[in-house]
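Every number for a ligand or one of its atoms is a count from 1 in the order of the listing.
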Amino acid sequence: MTVTRACACGKAILLGEHAVVYGHPAIAVPIPARTAVVEVWDAAPGTGIVIVAHDLNRRYRTGCLPVDQDGRFMLAAVGGVLQEVCPGRECPDLEVGVRSTIPIARGLGSGAAVSAAIARGIAAHLGITIPQDQLSDLVFATECLLHGTPSGIDNTVVCCETAVWFQRGQEPEAMTVDRPMLLVIGDTGVPSRTSESVARVRRRWESEPAAVGPLLDGIGELVAQGRSAIAEGDLPALGRAMDHNQELLQQLGVSSPELDRLIGAAREAGALGAKLSGGGMGGCMVGLVAPHGADRMEAALRAAGAHDTIVSQVEPSV
Ligand code: PMV
């Protein structure tokens, strides 16, 4: 029996979440330490496609409705990839096992990674490679089911797997990274619903445009500063942009006491900068750490109540 394996990694947003929804740029990086992995093999004729979601202890099958939200987005990934790789042909008979080490609903791109891994795995099993931009569009469609109106940053970084400069409506750009960026992520353990935090910002933006507009503009400016800092290898400047970005996110109302506690602990332990990452109101924070500082940072975050910590390094571009 041939088993085809495929994977996709998680992501973190270094600068610009929320403002990116309003057309400002954002910077996101892949987190290869956490992945969604799929295994695909042929199933008995007439099976259709069965997804075995090991972490959720559930099975979903094409043609069987209704399913829950997790099943709907995974089956949407299946539908999307079949449309790309065998349009108009009969559904193949496959079993698709899905496992992920990316925590769900923590702003680390778990949904996008699972969709991308499913699509890559099915396409590869059928002997086809999906071009990156098509894969990203397909994952974006599944993100719409989960989040309503995503900006497109998650699918972009998960599919291109490099540090990326993203702005809605423009071609994403792989970023110039001058020196390694060591990151430590702290998970509050509190689920973060991106659609809720995006809706919260939207309500404030509609009711107080004069207050919220400048916050979003300010975030956009920090992202531009962050880009130069990353290109020049000026990690202290990047850290300062992250700290300032966190202040503006707090003012937008998307931080939380748990995030503030972890961010404070990271700074006390010597982080060059720290902020929430993703939708906020729970989920994860990310700290930029000086070389060799990861162990101390992880210990500080755990002592401050982090549910989990992840160390990840963004390598320089060649
Ligand atoms: O999916 P999350 O929680 O990483 O959030 C993505 C970042 C937001 O800017 C809050 C939403 C979006 O679609 O860009």
How far is [atom] from its nearest protein heavy atom, and which residue and atom name does that atom have?
atom	answer
atom 7 (C) of ligand 1	Ile13 CD1, 3.5 Å
atom 9 (O) of ligand 1	His18 N, 2.9 Å
atom 1 (O) of ligand 1	Asp154 OD2, 3.0 Å
atom 2 (P) of ligand 1	Thr194 OG1, 3.5 Å
atom 13 (O) of ligand 1	Ser151 N, 2.8 Å

Proximal ligand 1 atoms for [X], defined as those under 4.0 Å from one of its heavy atoms:
X	answer
Glu17	7 (C), 9 (O)
Ile153	14 (O)
Pro150	13 (O)
Gly279	2 (P), 3 (O), 5 (O), 10 (C)
Val21	9 (O), 11 (C), 12 (C), 14 (O)
Val20	9 (O), 14 (O)

Item checked: Any donor-acceptor N/O pair, Ser207 side chain to Arg203 backbone, under 3.5 Å -> yes
Note to self: For the residue pair Ser115 / Glu143, report whether a side-chain donor-acceptor contact shorter than 3.5 Å exists.
What the structure shows: no
Margin query: Less than 3.5 Å apart, any donor N or O on the side chain of Asp70 or Tyr60 sitting next to an acceptor on the other?
Written below: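 No.
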Below 3.5 Å, N or O to N or O, backbone or side chain included: is there any such pair between [X] and ligand 1?
X	answer
Val198	no
Lys11	yes
Thr149	no
Ser192	no
Ser197	no

Next item on the list: Determine, stepwise, if the pair Asp55 / Arg99 fulfils salt bridge (charged side-chain N to carboxylate O under 4.0 Å, His left out).
Entry: CA-CA 6 Å; Asp55 307 309; Arg99 283 193 171 80; 5.6 Å; no
Check: Which is it for Asp260 and Ser255 under the side chain to side chain donor-acceptor pair (under 3.5 Å) test, yes or no, and what are the steps along the way?
Finding: CA-CA 7 Å; Asp260 292 344; Ser255 198; 2.7 Å; yes
Checklist line | Arg204, CZ: over 12 other non-hydrogen atoms inside 6.0 angstrom | finding: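 Above 12, so yes.
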Checklist line | Greater than 12 external heavy atoms within 6.0 Å of Gln83's CD | finding: no
Margin query: Is there a continuous path of hydrophobic side-chain contacts, each under 4.5 Å between heavy atoms, that joins Val157 to Val20?
Written below: no
Kindly list each side-chain donor-acceptor pair under 3.5 angstrom involving residues 162-170, sequence neighbours excluded, with atom names and distances?
| from | atom 1 | to | atom 2 | distance (Å) |
| --- | --- | --- | --- | --- |
| Gln167 | NE2 | Gly23 | O | 2.9 |
| Arg168 | NH1 | Val21 | O | 2.7 |
| Arg168 | NH2 | Pro150 | O | 3.4 |

Next item on the list: Check the pair Asp187 / Arg302 against salt bridge (charged side-chain N to carboxylate O under 4.0 Å, His left out), numbers first and verdict last.
Entry: CA-CA 9 Å; Asp187 182 354; Arg302 286 190 184 270; over 6 Å; no
